[in-house]
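Input: a single structure, listed below in structure tokens.
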Amino acid sequence: MSSFGGRMREYPWLSIDRFDRENLRARAYFLSHCHKDHMKGLRAPSLKRRLECSLKVHLYCSPVTKELLLTSPKYKFWEHRIVALEVETPTQISLLDEASGEKEDIVVTLLPAGHCPGSVMFLFQGQNGTVLYTGDFRLAKGEAARMELLHSGTRVKDIQSVYLDTTFCDPRFYQIPSREECLNGILELVRSWITLSRYHVVWLNCKAAYGYEYLFTNLSEELGVKVHVNKLDMFKNMPEILYHVTTDRHTQIHACRHPRVALWICPEMEPFTYNWCQPSTMWFGERTRKTNIIVRTGESSYRACFSFHSSYSEVCTMVFASGMNTSIIFPLSRLFSKLKSSSLINLSSYGSCSIILIIFVALF
DNA sequence: GCGATCAGTT
DNA sequence: CACAACTGATCGC
């Protein structure tokens with residue numbers, strides 16, 4: 001859960017990624033991406049009642065986030081109240097205060113956040129200044145600096161506050177291998193195993209609902225093997241993902257989730273022991289100067305670096321890109337405040353920055 | 001039967 | 001160790 005309560009000091013009548021408590025009185029709602037810890041209260045009866053009474057209240061998000069959200073019947077009641085905004089298209093929104101009838105316009109721009117499908121950052125411009133809410137993001141060095149909408153003319157916009165994803169905003173996470181490096185490391189490990197025979201399979205132990213899709217599509221594209229997942233109806237309108245995933249377990253790459261995954265993939269394994277070591281911890285960081293992307297953690301298990309969040313240096317360049325005029329930075333994660341006093345520590349582990357791969361021989 | 005909260009998992 | 005993102009168990013209505 002983010003430490004962010006949902007409201008920004010400049011625009012307290014907007015609520016972002018939080019939908020409980022005081023947020024029940026917001027004039028407009030924003031959802032940066034479709035992860036549960038950013039959706040607290042979004043399907044609560046109290047908010048549902050509010051929507052029924054306040055017909056002018058809407059939820060703003062990207063088209064992909066809308067699609068993912070409405071795949072779950074639990075959120076269907078939002079259907080006609082969601083406004084999908086195109087990414088990188090400044091949009092004016094009129095906000096009405098129901099009590100006073102007072103109206104105010106604000107311009108919001110969605111910027112791609114690189115965290116998971118549909119994830120965006122929100123840039124708000126209005127009477128109380130320009131503020132940037134990053135949500136969760138993974139942007140490589142320079143990606144934010146290249147975003148034209150953060151600039152006016154040749155200069156960075158005068159952003160007075162940044163509400164920042166501070167998950168890895170700590171010198172211990174100074175550098176995390178790039179998306180491409182991690183992808184390639186995983187690709188070669190998977191390739192080396194599944195080319196041994198058609199019975200050699202890999203299971204990717206994915207913990208979040210969304211965020212691994214670019215891994216799946218790249219593995220499938222490169223290896224010509226579709227990835228087995230539990231459900232794919234959420235991707236029904238995303239052909240570029242849909243093409244690379246399958247619910248057919250007769251494939252060599254699995255990302256399905258099931259208490260006894262091996263049996264589900266291959267019931268014939270029941271009488272056999274399939275012992276793999278569940279890795280407890282893995283250390284990335286300063287200890288291994290040359291950062292290993294893949295580390296063997298057991299007989300048939302590996303841990304690979306894979307992060308949905310920017311490293312410390314990437315966060316720093318993000319802050320720099322949002323302008324030197326920015327005077328206030330509000331952390332969105334808990335870690336930041338705890339670590340303000342901590343000095344540089346030369347070891348780090350990050351569970352949330354990795355994916356576990358299990359390799360084994362299936363018997364079908 | 002539902003949601004909110006806690007306790008565990010990776 | 002922490003972390004994010006999630007499950008599942010339990011409690012209260």
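Every chain is numbered from 1, with letters handed out A, B, ... down the list of sequences. Nothing here was measured: the structure is a model prediction, and the numbers come from that model.
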With the threshold set at 4.0 Å, does a side-chain nitrogen-carboxylate oxygen contact exist between A:Glu188 and A:Arg191?
yes

Return the nearest nucleotide to the side chain of A:Arg257; candidates are B:dA4, B:dT10, C:dT7.
C:dT7

Between A:Lys236 and A:Glu67, is there a side-chain N and carboxylate O pair less than 4.0 Å apart?
yes

Separation of C:dC3 P from A:Ile355 CD1 (nearest whole Å):
22 Å

Separation of atom CZ in A:Arg43 from atom P in B:dC2, rounded to whole Å
9 Å

Separation between CD (A:Glu222) and OG1 (A:Thr217), nearest 0.5 Å, reads 10.0 Å

What's the NZ-C1' distance between A:Lys36 and C:dC3, to the nearest Å?
19 Å

Check every atom of B:dA4, C:dA5, B:dT10 against the side chain of A:His38 and return the nucleotide holding the closest atom.
C:dA5

Describe the nucleic acid contact of A:His115 in one word from base, sugar-phosphate, nothing, applying a heavy-atom distance below 4.0 Å.
sugar-phosphate

Given atom CG of A:Leu24 and atom P of B:dA4, what is their separation to the nearest angstrom?
10 Å

Would you mind reading off the distance between A:Phe308 atom CZ and B:dT10 atom C1', rounded to a whole angstrom?
12 Å

Ring-face cation contact, A:Tyr243 with A:Lys226, 6.0 Å cut, 45° max:
yes

Separation of C:dA4 C1' from A:Leu332 CG (nearest whole Å):
13 Å

A:Lys40 has its side chain closest, among C:dT7, C:dA5, B:dT5, to B:dT5

Between P on C:dA2 and NE2 on A:His309, what's the gap in Å once rounded to a whole number?
17 Å

Whole-Å distance separating the CZ atom of A:Phe168 from the P atom of C:dC3
11 Å

